[in-house]
Number of protein chains: 2
Amino acid sequence: MPALRHLDDLSHAPASADWLNTILKGDCVAALNRLPEKSVDVIFADPPYNLQLEGDLHRPDQSKVDAVDDEWDQFESFAAYDAFTRAWLLAARRVLKPNGTIWVIGSYHNIFRVGAIMQDLGFWILNDVIWRKTNPMPNFRGRRFQNAHETMIWASRDPKAKGYTFNYDSMKAANDDVQMRSDWLFPICTGNERLKDEHGDKVHPTQKPEALLARVLMSSTKPGDVVLDPFFGSGTTGAVAKRLGRNFVGIERQQSYIDAARARIAEVKPLEVQALEMLTGKRAEPRVAFVSLIDAGLLQPGAKLYDSRRRWSAQVRADGTLACGDVAGSIHKVGALLQNFESCNGWTFWNYEHNGELISIDRLRSIARHGAERAGA
Amino acid sequence: MPALRHLDDLSHAPASADWLNTILKGDCVAALNRLPEKSVDVIFADPPYNLQLEGDLHRPDQSKVDAVDDEWDQFESFAAYDAFTRAWLLAARRVLKPNGTIWVIGSYHNIFRVGAIMQDLGFWILNDVIWRKTNPMPNFRGRRFQNAHETMIWASRDPKAKGYTFNYDSMKAANDDVQMRSDWLFPICTGNERLKDEHGDKVHPTQKPEALLARVLMSSTKPGDVVLDPFFGSGTTGAVAKRLGRNFVGIERQQSYIDAARARIAEVKPLEVQALEMLTGKRAEPRVAFVSLIDAGLLQPGAKLYDSRRRWSAQVRADGTLACGDVAGSIHKVGALLQNFESCNGWTFWNYEHNGELISIDRLRSIARHGAERAGA
DNA sequence: CCCCGTGTTGAATCGTGTC
DNA sequence: GGACACGATTCAACACGGG
């Protein structure tokens, strides 16, 4: 029984195991079952999302959206997806060390099922972490809110495990000396970082940004730890693990992904740890929505706004728009329409009255922004 | 059978129903079952998620769950919570109108179970929305990320329901003319807004901020809609609904919460009607037939139309169709055929020439609309 | 070299009314 | 209920080419 002997060898010498820093080809449950139990420090998993798309979607310029319609994302039903999820999570739990933790990323299509099954299997959720995208795809038809985030679940192997790794101090130091929050802001993976094939097409439809993986690994692993990714894809987990001095194991079914990931990882040079602060530092100044002044109680619905020479006045409405006669819209649009300009900066155009004096609503924006900055927006 | 007669009365006259703008005392499932079916536009639910502390979990058969905090009993606890969740969601779904939507808020302790059950019951998730807290409670022990957000699930009653309310134009205008995203930033409820009892203690442990409810209701309801909150608590939903000119129904078991909520809501003054008017986009405008531009003399038969870059030109015919070579048809169809697109908005595609400049025929459409409005059409 | 305008793209559960 | 016509709808980032 060569397979069994092989498994025995691994469980006796996991530190020098020949599966470290390699990509195992095959079905993820089968490959997981070939690994020794309790051999992995952290698992990062980006499973299929079960998107359930129907028909095509076009942008307003009539170009077609390149949907994720790959075979690996097709499931017959919620029950089929649940069975798949249960199987790989169970196999993943076996290879996790008692103090190991697991990260799973998903969207509203699948993450609730994944989270419930994780709880059912005995995983203990430590945090759910929101990846806020700086540049998400718009909602082209204007039928919902722009889907601007994805959710990650971070969990320990079981409730009693208190010895998991969390690098609290380095997270806090990287976040201007305040605790790292559960909402993280990163761009999606584009530009040179995005792997392209010889035709210029993307190698993988859902490549994750390295900055996201860097924060995951910096927060919950130590140098030399073993990081497993059972849905390796284009190998972002492996590339970041190598760069940060961690060991990786990838599992992937599709040969084209394996080839691309292997070539990518070969190019990676391990880094000194100091470069990390660039990846985890704060991002751009937050934009403040006019409606947030109403939310914050800085302006009341029904309040009057004036331009600086009181030529026009307009009324604030509860939905965050302005109205002046039969003209209505955003603060910018109404300002432009009244002046018959193409555009107008409503923040500097509009003023509110206080003790008989006009004060720019931009002052209110500064107040609102101050609150937002403290939130690490 | 007085109970049944009562129910009949309600279903015959929901508009003047005596349960509108009241708080129903009792178990949430029982109270929901006393309401007429398909009578509610939007549900906002903030269900309990404390698995051990309160004995308020009931199985569908109304038997009380024996709350336990032993670790080995987590499976039993999850199952009991699932049964409770399934029961109230099912009852809530019955009272929801076919085009109604539901919001449920929760944290990682319960939201994954809630979301999975919602999908199992046939709700169709439209968005998950993240409430990012500007001032969350710190993680005192430094063992995890600061839990700085809560998750809301927004779902329609079933997948085929496309007619749900989403005030896209309001949301966009209120957000500086870019789409409202799925991550919202608000402070937690503190200060004067937080209800306190005579001892200065907080009335309710998880009172939600009114700004959060205001955005929920402004985005997904219209004035006069009926908003149901099956876990009414301190009555934030009712207070905001009343202020925004919506009707509410609350369900609450605990008398102290009912008393506090009733007093709170009585103090609320509804906003003036003008402040409640909402921005509507082109979708809400009346249809204008292209031929009516010719009827009104705004365009002459034989006039030439051009696309914005003058790649194509077409001739207006007396019957309200366009002709370009051997291509003829509606303004939309000709635009689509010329560009080889599946569809085309002819109103924004075609322009007429005036003093050497191209002007969109959409301008003529708004002139025609104004004329029609003034004529009382 | 930079600047600017143009074009492309990203895990998407993305109509409605009339005949 | 099905077919068909109407016509509404996008944000940030990056690549590329020309000046």
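In this text the structure is predicted, and so the values were computed from the model without any measurement. Below, chains carry the letters A, B, ... as their sequence lines are ordered, and counting in each starts from 1.
Annotation: side chain of A:Asn110 is in contact with side chain of A:Tyr81 (closest heavy-atom distance under 4.5 Å). At a threshold of 4.5 Å between non-hydrogen side-chain atoms, the residues B:Ser360 and B:Trp347 do not count as touching.
Nearest-nucleotide mapping onto DNA chain C: of B:Arg309 and A:Tyr49, the residue sitting toward the 5' end is B:Arg309. Both A:Thr190 and A:Arg59 lie close to DNA chain D; mapped to their nearest nucleotides by heavy-atom distance, the more 5′-ward contact belongs to A:Arg59.
Out of D:dA13, C:dG10, D:dG7, the shortest distance to the side chain of B:Ser343 is found at D:dG7. Across D:dT10, D:dG7, D:dC11, the shortest atom-to-atom separation from the side chain of B:His332 is found for D:dG7. For A:Thr134, counting side-chain heavy atoms from C-beta on, the closest listed nucleotide (D:dA13, C:dA11, D:dT10) is D:dA13. Picking from D:dA15, C:dA11, D:dT9 the nucleotide with the shortest atom distance to the side chain of A:Val68 gives C:dA11.
Base engagement by B:Cys344 is indicated by at least one non-hydrogen atom pair under 4.0 Å involving a base atom. At the heavy-atom level, A:Pro209 lies nowhere under 4.0 Å from the strands shown. Heavy atoms of A:Trp72 sit under 4.0 angstrom from at least one base atom. Note on A:Asn147: only backbone sugar-phosphate atoms sit closer than 4.0 angstrom, heavy atoms only; bases stay farther off. Residue contacts shown for A:Asp73 include a base, since a base heavy atom lies under 4.0 Å away. Looking at heavy-atom distances under 4.0 Å, A:Lys208 makes contact with a base. A:Gly55 comes within 4.0 angstrom of a nucleotide base, judged by non-hydrogen atoms across all strands. Within 4.0 Å (heavy atoms only), B:Leu126 reaches no atom of the nucleic acid at all. Using a 4.0 Å heavy-atom cutoff across all strands shown, B:Asn127 reaches no nucleic acid atom at all. B:Pro159 comes within 4.0 angstrom of no nucleic acid atom, judged by non-hydrogen atoms across all strands.
Per the geometry, CH2 belonging to B:Trp347 stands 14 Å off C1' belonging to D:dA8, to the nearest Å. When rounded to the nearest whole Å, the span between CZ of A:Phe145 and C1' of D:dT9 equals 17 Å. The interatomic distance linking B:Asp177 (CG) with D:dT9 (C1') rounds to 15 Å, in whole Å. Between B:Asp128 atom CG and C:dA11 atom C1' the separation is 13 Å, expressed in whole Å. In this entry the distance linking CG of A:Leu212 with C1' of C:dA11 reads 13 Å, nearest Å. In this structure, the CD1 atom of B:Ile331 is 12 Å from the C1' atom of D:dA5, given to the nearest Å. The interatomic distance linking B:Lys282 (NZ) with D:dG7 (P) rounds to 10 Å, in whole Å. When the C1' atom of C:dA12 is taken as reference, atom CG of A:Asp69 falls 12 Å away, rounded to whole Å.
A side chain to side chain contact (heavy atoms under 4.5 Å, CB included) with A:Phe145 is found for exactly one of B:Met171, B:Gln179, B:Arg181, namely B:Met171.
Separation of the C1' atoms belonging to C:dG10 and C:dC14 is 15 Å when rounded to the nearest angstrom. Taking atom C1' on both nucleotides, C:dT8 is separated from D:dT10 by 13 Å, rounded to a whole Å. Annotation: C:dC1 and D:dG19 have their C1' atoms spaced 12 Å apart (nearest Å). Separation of the C1' atoms belonging to D:dG1 and C:dT16 is 15 Å when rounded to the nearest angstrom.
Note on B:Lys172: every side-chain N or O is 4.0 Å or more away from OP1 and OP2 of D:dT9. Here A:Asn192 reaches the OP1 or OP2 of D:dA15: one of its side-chain N or O atoms lies under 4.0 Å away. Here A:Lys133 does not reach the OP1 or OP2 of D:dA13: none of its side-chain N or O atoms lies under 4.0 Å away. Between A:Asn135 and D:dC11 there is no side-chain N or O to OP1 or OP2 distance below 4.0 Å.
Under the Watson-Crick and G-U wobble criteria, each requiring two contacts below 3.5 Å, nucleotide D:dA8 is left unpaired. Base pairing analysis places C:dT8 opposite D:dA13; the two distances defining the Watson-Crick or G-U wobble pair are each below 3.5 Å.
The backbone N or O of B:Phe123 lies less than 3.5 Å from no partner atom in the side chain of B:Arg157, so there is not a single donor-acceptor pair.
For the residue pair A:Tyr257/A:Gln207, the side-chain donor-acceptor check at 3.5 Å is not satisfied. When only modelled atom types and interatomic distance are considered, A:Arg365 and A:Ser292 share no side-chain donor-acceptor pair under 3.5 Å. For the residue pair B:Trp154 and B:Thr101, a side-chain donor N or O sits within less than 3.5 Å of a side-chain acceptor on the partner. For the residue pair A:Asp183/A:His149, the side-chain donor-acceptor check at 3.5 Å is not satisfied.
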Mind listing the N/O atom pairs, protein and nucleotides 15-19 of chain C, below 3.5 Å?
unit_1 : atom_1 : unit_2   : atom_2 : d
C:dG15 : OP1    : A:Arg141 : NH1    : 2.9
C:dG15 : OP2    : A:Arg141 : NE     : 3.3
C:dT16 : OP1    : A:Arg143 : NH2    : 2.8
C:dT16 : OP1    : B:Lys162 : O      : 3.2
C:dT16 : OP2    : B:Lys162 : O      : 3.4

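Ion pairing between a basic and an acidic side chain is recognised when a charged N comes within 4.0 Å of a carboxylate O; B:Asp120 and A:Arg113 show such pairing. Electrostatic pairing of B:Arg215 and A:Asp295 counts as a salt bridge here, judged by a charged N lying under 4.0 Å from a carboxylate O.
In terms of polar N and O atoms assigned as donor or acceptor, the side chain of B:Arg365 never comes within less than 3.5 Å of the base of D:dG7 in a complementary pairing.
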